[in-house]
Number of protein chains: 2
Amino acid sequence: MLNYQLDKTFAALADPTRRAIVERLVQGPATVTQLAKPLPMSLPAAMLHLKVLEDSGLVTSEKVGRVRTCRIDPLVLTSAEKWVAERRQMWERSLDQLGAYLDQSKTEDQA
Amino acid sequence: MLNYQLDKTFAALADPTRRAIVERLVQGPATVTQLAKPLPMSLPAAMLHLKVLEDSGLVTSEKVGRVRTCRIDPLVLTSAEKWVAERRQMWERSLDQLGAYLDQSKTEDQA
């Protein structure tokens, strides 16, 4: 995934309201009204957060008649997960290598 | 992990320079000078990014003599990974449930 897309994805996730919207949408599609209802803010304020989520690609929406339905894009969610998971794995590997090096040094000291 | 901590972690990751610093630190500890050297910016600019990473908890640092050494905090990295992974899993479960429901409807239609 391109760098600027990851910028937008992580920035979109850096807000509790937007994470709450993501939490709702991973359970299935929802209309804008359904998404805004449980949020402690006005509809226009909720829609601004939805716009950030749509700009990031995490959320897509489709209007049928007067109803706009939102969905999560699992690929964008997965790409953010993958970036973090790979870095965590790199950290674990570097720790393993350090461990192996220390074990070897110890064996050499005892020899 | 508390909401405001996740805010800070995702906000810290929403920048290519800060992700480059994380990429370097998952390979092992590094001094501020070592971290700043490959970055296309001044040392003070690099240090501002490091400050954001330290404020988020993703990076810790320790000064010995005149040298400040930075390390990744794997727990903070893991908590961000966990948040995204759990939401991706919730999305997969909701898709499985929809699939099961559609299969059942099909069987009922054919009965």
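Lettering of chains follows the sequences in order, A, B, ..., and the numbering in each one begins at 1. This one's a predicted model, so the numbers in the text were calculated from it and none came from an experiment.
Under a hydrophobic clustering in which Ile, Leu, Val, Met, Phe, Trp and Tyr are joined whenever their side-chain heavy atoms come within less than 4.5 Å, directly or via other members, B:Val32 and B:Val67 fall into different clusters. Linking ILVMFWY side-chain heavy atoms closer than 4.5 Å, directly or via other members, places B:Leu95 and A:Ile72 in a single hydrophobic cluster. Hydrophobic clustering, with ILVMFWY side chains joined whenever heavy atoms are under 4.5 angstrom apart, keeps A:Leu50 apart from A:Val52. A chain of hydrophobic side-chain contacts below 4.5 Å, direct or via other Ile, Leu, Val, Met, Phe, Trp or Tyr residues, connects A:Val76 to B:Met90. With hydrophobic clusters built from ILVMFWY side chains whose heavy atoms lie under 4.5 angstrom apart, A:Met41 shares a cluster with A:Ile21.
Interface check for chain B: of the options A:Arg18, A:Glu81, A:Glu23, the most heavy-atom pairs under 4.5 Å are formed by A:Glu81.
When all heavy atoms are compared, the tightest approach of A:Ser94 to B:Gly28 is OG-N, 4.2 Å. In plain terms, the two heavy atoms of A:Trp91 and B:Leu25 that are nearest each other are CD1-O, 4.5 Å. The two residues A:Ala11 and B:Ala14 make their nearest non-hydrogen contact at N-CB, 3.5 Å. Closest approach of A:Phe10 and B:Leu13 over heavy atoms only: CD1-O, 3.4 Å. Nearest approach of A:Arg87 to B:Val22, heavy atoms of both residues: CG-CG1, 4.3 Å.
For the pair A:Asp7 and B:Arg19, the minimum side-chain heavy-atom distance is below 4.5 Å.
Here the OG1 atom belonging to B:Thr78 is positioned 6.0 Å from the CZ atom belonging to A:Arg88, to the nearest 0.5 angstrom.
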